[in-house]
Q: 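Right, I'll just put the structure down here and ask away after.
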Amino acid sequence: MNKNITDILKITENLHKPIPLNEENSLEKFTNTKKIQRRIPIEATSQKKWLGLGRGDVRTTDSRKINIKAKARYDSWDIGDPSDGDYVGFGKTKAYMEMNHEDWQSYDLLSFEIKSNCKNIINPNITIELKNDGEIKVPDKYEREGYHSVNLHDKELQTIKLNLNGFPRDSITKLGFVIESNGTYSRTEGEINFEIANVFLEKSDSTDLIEGWRPKKNNIIFSHEGYQTDSPKLAFTSGLKADNFSIVKNDGETVFTSKISNVKTNVGEYNIADFSNFKMNGTYHIKIGNLETENFKITNDKELWMGSSVKALNFIFSERCGYPVPNIHGVCHEDVVALHKGTKMIFNGGWHDAGDLSQQLIQTAEVTQSIFELAEQYKNIDQTLFDRFIEEGKWGIDFILKTDFGEGYHATSAGVSRWTDNLQGNMDDASARVHNTPYENYILSGVFMRISKVIGAKDSMYNTLIRRAEKYYRFAEREFSKLGFKTTPIMWEHTLNTSKATYLATMVWSGTLSKPGFKRSKN
């Protein structure tokens, strides 16, 4: 096993704690190292002032300092939010300044200092809001663009630099800093408290490419993860005056040299370094003239993607719902409830949505299947990783089984973007949706059959998965014979917006995985 992976597994107790965040090669750190050629302050004057909006408190201590403070939770929903609290927090607080159609095109960075001094806040963050009323309107009529959220380190002073390249900024009308009260773990008292100072527009010494494939000057584009032994291996540059490139070992030995080919395409001209014929496993770097890349590996596919597999599992584990994730949160969302024919179910478990705290049955089921398929790749390679993938996958199985009301009905989704207080019966509870649709049962049947092939008949879950898969398939066939493709689209219920082509593909996929003897639809 890769030594780095071994170290990660040791530090995290086999991924039972999140991997410590490494920001050394982050875009944020790179942006902060840029040399600034000129800058102008954005500060309060007699014509322009920092204003406050929302449930919290906004204060200016001098022309260059803003304090934004708000409670973590409130006892009512904010004005304009739905009365049932579906997919909302406890309200926003904004510090903003109106701009008189200012032209920011000669600057490429928005810079500011921020000190987070919060109390019991999970993941302190702030959103920068920009509005442009020029040739291109931002945000557009769908409220897209113009918002950028930044995760913060609590109790630390940070300098944040937002890259404005590619952002329409010929007529800026507003700059805002927005916080949202999203609750705290259980019923702990919490407060958001940010001090913002020294807001500047800056012009840096380099322009970052936002769109397209053209590499920056003196930059070799290569696969940082590495290359599979028998797969194509390419790297490329643009505008470089060189005839040859080399593949070099760590000790400096050149092991492969070939000519650079020049290619003209409809998206630019490129210098291509093709070393597909080099198939010696090891750790190398590419050298073109005085330019050298960082090290990368050439190895078989399972070894190559081991690092990515571990990082993916780390992310999934960190998204666990209803589970105390170390250094992130405790047991959560015990007051997200599904009701069906007088029966009540706590709808927590599985994994939170990647962008918020929502939970969806089918997305969790698909992630669960993917984890078992990933485990399958390492079954005869690394027992530690195999066992850990199986363990995480079974956390997903637990959620799928839990959400089953019987007779084809499942608790399917809940729109949640707040940390609830875990007490049932008060205002911050959330409701989960319940459906009996053939599409969902087809998917669940196929997922359980696919997983059963990975774990095998000796696993204690095997028979349960087979029996449930058979039931779900029968429920799907029964309802499909009544409804066909008919559904009532619901914006937040993704499966109810499925195209007919995807629906048919799912039916075929599920049917091919089904155990012999299943009754299949004739439709």
Side-chain angles (χ1 to χ4, degrees), residues 313 316-317 319-324 331-353 358-376 387-414 416 430-479 493-495 506 509-510 513-515 518:
L313 187 63
I316 293 297
F317 171 73
E319 291 291 311
R320 278 195 183 189
C321 175
Y323 179 90
V331 175
C332 59
H333 296 113
E334 294 186 308
D335 47 357
V336 180
V337 176
L339 297 173
H340 176 65
K341 294 183 178 180
T343 303
K344 182 187 293 186
M345 174 196 301
I346 297 175
F347 189 73
N348 68 350
W351 305 281
H352 291 130
D353 185 87
S358 296
Q359 177 58 282
Q360 292 95 16
L361 169 63
I362 295 304
Q363 282 86 332
T364 288
E366 291 172 335
V367 169
T368 302
Q369 177 186 326
S370 297
I371 290 172
F372 278 97
E373 290 177 336
L374 191 56
E376 195 171 33
D387 292 342
R388 183 61 187 86
F389 289 134
I390 294 294
E391 176 190 346
E392 196 66 25
K394 287 188 174 181
W395 175 257
I397 290 176
D398 177 79
F399 177 74
I400 299 169
L401 294 174
K402 173 183 180 177
T403 58
D404 186 349
F405 275 112
E407 293 301 313
Y409 285 87
H410 303 270
T412 57
S413 71
V416 183
S431 297
R433 305 170 187 90
V434 178
H435 295 290
N436 175 14
T437 68
Y439 183 74
E440 285 159 346
N441 279 303
Y442 279 128
I443 287 181
L444 294 176
S445 176
V447 165
F448 274 2
M449 286 303 299
R450 180 67 183 92
I451 292 172
S452 71
K453 296 178 186 298
V454 176
I455 63 175
K458 293 182 179 180
D459 193 284
S460 61
M461 295 293 298
Y462 181 81
N463 289 328
T464 297
L465 297 181
I466 294 294
R467 287 194 296 269
R468 289 296 179 97
E470 292 174 346
K471 284 184 178 181
Y472 296 156
Y473 197 88
R474 285 197 295 270
F475 292 145
E477 293 284 85
R478 182 186 68 191
E479 292 302 307
E493 197 74 73
H494 305 311
T495 58
T506 301
W509 170 78
S510 181
L513 287 170
S514 300
K515 196 175 180 181
F518 272 23

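Hydrogens, waters and symmetry mates play no part in the numbers below; they use all other heavy atoms, side chains included.
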Q: Find the distance between OG (Ser445) and CD (Glu470) and round it off to the nearest 0.5 Å.
A: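 So the gap between those two atoms works out to 8.5 Å.
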Q: If you compare all heavy atoms of Trp351 against all heavy atoms of Gly396, which two are closest, and at what distance to 0.1 Å?
A: CH2-CA, 3.5 Å
Q: Could you point out which residue of Ile455, Leu465, Thr464, Ile371 forms a side-chain contact (heavy atoms from CB on, under 4.5 Å) with Ile397?
A: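 The single option meeting the side-chain contact (heavy atoms from CB on, under 4.5 Å) with Ile397 is Leu465.
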Q: Roughly how far, to the nearest 0.5 Å, is OG1 of Thr403 from CD of Glu440?
A: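 The distance works out to 9.5 Å.
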Q: Using ring centroids (six-membered ring only for Trp), state whether Tyr472 and His410 fall under 6.0 Å.
A: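 Between Tyr472 and His410, which both carry aromatic rings, the centre distance is below 6.0 Å.
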Q: What do the steps show when you test Leu361 against Leu444 for side chain to side chain contact (heavy atoms under 4.5 Å, CB included), and what is the final call?
A: CA-CA 9 Å; Leu361 169 63; Leu444 294 176; 4.0 Å; yes
Q: Of Gln360, Arg320, His333, which meets side chain to side chain donor-acceptor pair (under 3.5 Å) against His352?
A: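 Checked Gln360, Arg320, His333 against His352; only one passes side chain to side chain donor-acceptor pair (under 3.5 Å): His333.
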Q: Per the side chain to side chain donor-acceptor pair (under 3.5 Å) rule, which among Gln369, Glu319, Gln359 passes with Thr364?
A: Gln359
Q: With under 30° as parallel and over 60° as perpendicular, where do the rings of His340 and Phe405 fit, or are they tilted in between?
A: tilted
Q: So, taking the atom named CD1 in Ile362 and the one named CD1 in Ile443, what distance separates them when rounded to the nearest 0.5 Å?
A: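 With rounding to 0.5 Å, CD1 (Ile362) is 4.5 Å from CD1 (Ile443).
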Q: Take Lys402 and Asn348, measure what side chain to side chain donor-acceptor pair (under 3.5 Å) needs, and give me the verdict at the end.
A: CA-CA 9 Å; Lys402 173 183 180 177; Asn348 68 350; 2.6 Å; yes
Q: Side chain to side chain donor-acceptor pair (under 3.5 Å) between Glu493 and Thr412: does it pass, once the steps are laid out?
A: CA-CA 8 Å; Glu493 197 74 73; Thr412 57; 3.0 Å; yes
Q: Measure up the Tyr323 and Trp395 rings against each other and bin them: parallel (under 30°), tilted (30 to 60°), perpendicular (over 60°).
A: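 Judged by the thresholds at 30° and 60°, the geometry between Tyr323 and Trp395 is perpendicular.
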Q: Just grab all the salt bridge (Lys or Arg N to Asp or Glu O under 4.0 Å) pairs involving residues 334-353, residues at least two apart or on different chains.
A: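 For residues 334-353, and leaving out neighbouring residues, there are no salt bridge (Lys or Arg N to Asp or Glu O under 4.0 Å) pairs at all.
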Q: CZ/Arg450 to OG/Ser370 distance, rounded to the nearest 0.5 angstrom?
A: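 Reported to 0.5 Å precision, the distance equals 10.0 Å.
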Q: Using ring pair (Phe, Tyr, Trp, His ring centres under 6.0 Å) as the criterion, list what pairs up with Phe372, not counting sequence neighbours.
A: none
Q: Evaluate side chain to side chain contact (heavy atoms under 4.5 Å, CB included) for Arg478 paired with Glu407, printing each intermediate quantity in order.
A: CA-CA 10 Å; Arg478 182 186 68 191; Glu407 293 301 313; 3.4 Å; yes
Q: Roughly how far, to the nearest 0.5 Å, is CD of Glu373 from NZ of Lys453?
A: 12.0 Å
Q: Any chance you could measure Ile400, atom CD1, to Thr368, atom OG1, to the nearest 0.5 Å?
A: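 Between atom CD1 of Ile400 and atom OG1 of Thr368 there are 4.0 Å.
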